[in-house]
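Every value quoted in this text rests on a predicted model; they were computed, and no experiment measured them. Nothing fancy with the numbering, it's 1 onward along the sequence.
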Amino acid sequence: MFKKAEWPRQLRSQHWYGGTSRDVIYHRGWMKNQGYPHDLFDGRPVIGILNTWSDMTPCNGHLRELAEKVKAGIWEAGGFPMEVPVFSASENTFRPTAMMYRNLAALAIEETIRGQPMDGCVLLVGCDKTTPSLIMAAASVDLPSIVVTGGPMLNGYFRGERVGSGTHLWKFSEMVKAGEMTQDEFLEAEASMSRSSGTCNTMGTASTMASMAEALGMALSGNAAIPGVDSRRKVMAQLTGRRIVQMVKDDLKPSDIMTKQAFENAIRTNAAIGGSTNAVIHLLAMAGRVGIDLTLDDWDRCGRDVPTIVNLMPSGKYLMEEFFYAGGLPVVIKRLGEAGLLHKDALTVSGETMWEEVKDVVNWNEDVILPTEKALTQSGGIVVVRGNLAPKGAVLKPSAASPHLLTHRGRAVVFEDIDDYKAKINDDTLDIDETCIMVMKNCGPKGYPGMAEVGNMGLPPKVLKKGITDMVRISDARMSGTAYGTVVLHTSPEAAVGGPLAVVKNGDMIELDVPNRRLHLDISDAELAQRLAAWQPNHDLPKSGYAFLHQQHVEGADTGADLDFLKGCRGSAVGKDSH
């Protein structure tokens with residue numbers, strides 16, 4: 001049971017701003033060049049608004065406006081807001097992949113918090129990696145922190161059809177390759193995909209991670225689904241600003257909220273919403289930062305029997321705008337509670353329990369948030385498969401897969417890396433048909449490097465022209481949360497460190513058996529051992545910079561792909577004054 005701290009008391013910021021010493025006057029005096037009155041340094045909570053706004057992070061392009069609403073709420077509650085620009089890892093622009101920089105962002109932001117006079121933090125996020133990186137950082141420092149997201153874009157429309165960001169990009173791209181859509185029509189459709197500020201309007205990674213923040217209890221109830229341009233998004237930002245001030249007074253920290261029960265709630269919520277496979281790798285990393293023992297087995301155990309009831313792309317037909325109008329994530333969490341699948345007493349940033357937050361909400365559209373008996377799939381969640389091809393596990397999203405492929409045996413068509421795939425996939429002489437299994441290597445945390453979202457490999461044109469839209473695909477890469485298909489991801493150990501994936505050959509038979517959680521390379525143990533013994537790495541290693549640090553220290557996807565020296569380092573938030 002959480003016990004509120006005594007108030008008033010001396011806060012952390014007073015190590016910088018309280019008193020009359022030379023060092024305090026150094027800190028406080030420089031701040032006054034911004035025009036702050038002296039009484040603002042009287043011991044009231046100083047709140048850092050960690051803003052991931054950037055012109056090169058289009059999902060977060062409206063966060064400066066939201067920051068002003070957060071500030072208003074902080075002022076109203078008697079706090080002292082300080083907006084701080086922080087590392088913004090854009091999914092849209094960063095190469096080789098934003099995932100390469102999630103850990104760098106978390107490290108940089110952790111030190112931003114640790115080294116400056118903040119008593120609490122508002123994590124202003126949106127784009128895929130900004131949400132986990134800021135939560136990871138806040139968890140490591142363990143100061144009172146609260147998430148407010150930028151919200152999804154409005155629905156896209158093209159020729160009368162709903163267009164889901166990302167989802168329709170993959171769909172239209174395949175249609176062009178199949179000769180079902182012209183390039184000019186593809187360009188015309190581009191303008192309809194992103195018609196307002198905000199993140200992906202599908203249940204992609206951004207919407208999934210906003211939902212995970214809410215399901216963990218790290219955001220106010222209802223935060224996840226409000227569209228970015230809806231006035232209620234601004235209200236949410238202002239209420240969040242008010243709430244963080246009281247959290248500081250109570251000393252309500254991430255470690256009080258992000259418990260094992262909270263993570264189990266989030267896993268079940270991810271199953272119910274048909275959330276992104278990227279949630280696996282991010283929640284594992286977050287749990288590591290607060291010292292919670294979360295594993296892939298927890299994902300399979302908690303999510304296996306949870307039905308997917310949110311009818312959103314890429315699993316269903318609607319978009320985030322309709323999800324919000326239907327009642328949003330609180331309705332889903334209430335359904336979990338009614339089904340006995342929720343730790344109702346889990347604490348949230350509001351100071352109330354999860355059940356207290358959602359028990360009275362109403363579902364306003366049962367075609368968007370479905371009754372359990374009409375679920376998209378009765379066994380949703382993220383499936384974890386293991387076998388001699390993935391001794392440490394691999395993941396698959398059943399709600400986005402083709403049911404007839406969940407049990408499949410096929411001939412391997414191997415691509416050594418993403419460049420090899422791109423060089424071969426459009427060649428009509430490629431020996432492949434729809435019964436084959438596409439295998440791509442060297443795209444994991446160390447291999448790409450960074451583990452890019454390339455696991456949903458596009459199908460070869462000669463297969464698409466037959467009207468086939470899905471094949472089994474296996475890699476150590478990730479997949480965009482907006483994508484779909486029977487795609488096995490995060491295969492661990494990855495190929496770049498000599499995992500079994502590295503020694504798969506063209507023509508090998510592979511068996512995928514999702515009901516029995518099995519992924520098997522059909523060769524003898526002796527043959528597999530012989531191949532592994534003869535394996536040699538075939539990719540260049542970085543020589544300097546962050547890429548070198550990442551290569552040396554990143555862990556496997558099965559534990560969250562965090563840097564090994566950053567796990568379990570919570571606390572020590574008060575820095576020593578160097579002046």
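Under the rule for a salt bridge (charged side-chain N to carboxylate O under 4.0 Å, His left out), the partners of Asp431 that lie at least two apart in sequence or sit in another chain are Arg411. For Thr208, the side-chain contact (heavy atoms from CB on, under 4.5 Å) partners are Met203, Met212, Asn270, Ser276, Ala279, not counting sequence neighbours. Annotation: ring pair (Phe, Tyr, Trp, His ring centres under 6.0 Å) contacts of His520 (sequence neighbours excluded): none. In this structure, the salt bridge (charged side-chain N to carboxylate O under 4.0 Å, His left out) partners of Lys177, at least two apart in sequence or on a different chain, are Glu174. The ring pair (Phe, Tyr, Trp, His ring centres under 6.0 Å) search around His550 returns Tyr546, not counting sequence neighbours. For Asp417, the side-chain contact (heavy atoms from CB on, under 4.5 Å) test picks out Asp419, Asp420, Asn442, with sequence neighbours left out. Arg517 pairs by the side-chain contact (heavy atoms from CB on, under 4.5 Å) definition with Asp300, Arg304, Val383, Val514, not counting sequence neighbours.
Taking the side chain as every heavy atom from C-beta outward, Trp170 and Asn456 approach each other to under 4.5 Å. Within the 4.5 Å cutoff, no side-chain heavy atoms of Pro152 are placed close to those of Glu321. No side-chain heavy atom of Lys392 sits under 4.5 Å from any side-chain heavy atom of Thr559. At a threshold of 4.5 Å between non-hydrogen side-chain atoms, the residues Thr199 and Met320 do not count as touching. You'll find the side chain of Cys59 reaches within 4.5 Å of the side chain of Asn92, heavy atoms only. The side-chain heavy atoms of Val125 and Met209, taken from C-beta on, include no pair separated by under 4.5 Å. Here the side chains of Thr52 and Val86 are in contact, with some heavy-atom distance below 4.5 Å. Using a 4.5 Å heavy-atom threshold, the side chains of Cys436 and Asp433 count as touching.
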Mind listing the side-chain donor-acceptor pairs of residues 458-469 below 3.5 Å, one per line with the distance, residues two or more places apart or on another chain?
| residue | atom | partner | partner atom | Å |
| --- | --- | --- | --- | --- |
| Lys462 | NZ | Asp428 | O | 3.1 |
| Lys462 | NZ | Leu430 | O | 2.4 |
| Lys466 | NZ | Glu434 | OE1 | 3.0 |

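Listed by first and then second residue, the ring-ring contact (aromatic ring centres under 6.0 Å, His included) pairs that reach into residues 418-471 are Phe415-Tyr421, sequence neighbours excluded. Within the structure, salt bridge (Lys or Arg N to Asp or Glu O under 4.0 Å) pairs that include any residue of residues 490-508 comprise Asp508-Arg531 (at least two apart or interchain). Residue pairs meeting the salt bridge (Lys or Arg N to Asp or Glu O under 4.0 Å) criterion with at least one member in residues 147-162, sequence neighbours excluded, are Arg159-Glu185, Arg159-Glu188, Glu161-Lys171, Arg162-Glu322. Screening residues 399-409 for salt bridge (Lys or Arg N to Asp or Glu O under 4.0 Å) gives Arg409-Asp522 as the qualifying pairs, with residues at least two apart or on separate chains.
Interatomic distance, OG of Ser207 versus CE of Met153, reported as 9.0 Å (0.5 Å rounding). Note: Ile510 CD1 to Ile474 CD1 = 4.5 Å, rounded to the nearest 0.5 Å. Going from atom CD1 of Ile226 over to atom OG of Ser231 covers 9.0 Å, rounded to the nearest 0.5 Å. To the nearest 0.5 Å, atoms CG (Asn155) and OG (Ser192) are separated by 11.0 Å. Rounded to the nearest 0.5 Å, atoms CG (Asn103) and CD (Glu555) are 9.5 Å apart. Atoms CZ and OG1, on Arg95 and Thr97 in that order, are 11.5 Å from each other to the nearest 0.5 Å.
Residue Trp364 places its CH2 atom among 12 or fewer non-hydrogen atoms of other residues, nucleotides or ligands, all under 6.0 Å distant. Residue Met56 places its CE atom among 12 or fewer non-hydrogen atoms of other residues, nucleotides or ligands, all under 6.0 Å distant. For Glu190, the CD atom is loosely surrounded, since the number of other residues' heavy atoms within 6.0 Å does not exceed 12.
Using modelled atom types, one finds a donor on one side chain and an acceptor on the other under 3.5 Å when comparing Asp367 with Tyr318.
The backbone N or O of His404 sits nowhere less than 3.5 Å from a side-chain atom of Ser402 that would complete a donor-acceptor pair. Looking at Asn60, its side chain does come within 3.5 Å of a backbone N or O of Cys127 through a donor-acceptor pair. Looking at Arg335, its side chain does come within 3.5 Å of a backbone N or O of Leu370 through a donor-acceptor pair. With hydrogens and angles ignored, the 3.5 Å screen pairs a side-chain donor or acceptor of Asn201 with a backbone N or O of Ser165.
Between Gly380 and Pro398, the shortest heavy-atom contact is O-CG, 4.3 Å. When all heavy atoms of Phe324 and Pro227 are compared, the pair lying nearest together is CD2-CD, 3.4 Å. Residues Ile437 and Gly410 come closest through the heavy atom pair CD1-N, 3.7 Å. Across all their heavy atoms, Thr486 and Leu396 have their closest contact at CG2-CD1, 4.1 Å. Considering all non-hydrogen atoms of both residues, Ala561 and Ile281 come closest at CB-CD1, 3.8 Å.
A salt bridge links Glu65 to Lys234: one of the charged nitrogens lies within less than 4.0 Å of a carboxylate oxygen.
Aromatic ring orientation, Phe94 versus Tyr101: tilted (interplanar angle from 30° to 60°).
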CA sep, side-chain torsions, deciding dist, call: Ser315, Ser399, side chain to side chain donor-acceptor pair (under 3.5 Å):
CA-CA 6 Å; Ser315 301; Ser399 64; 2.9 Å; yes
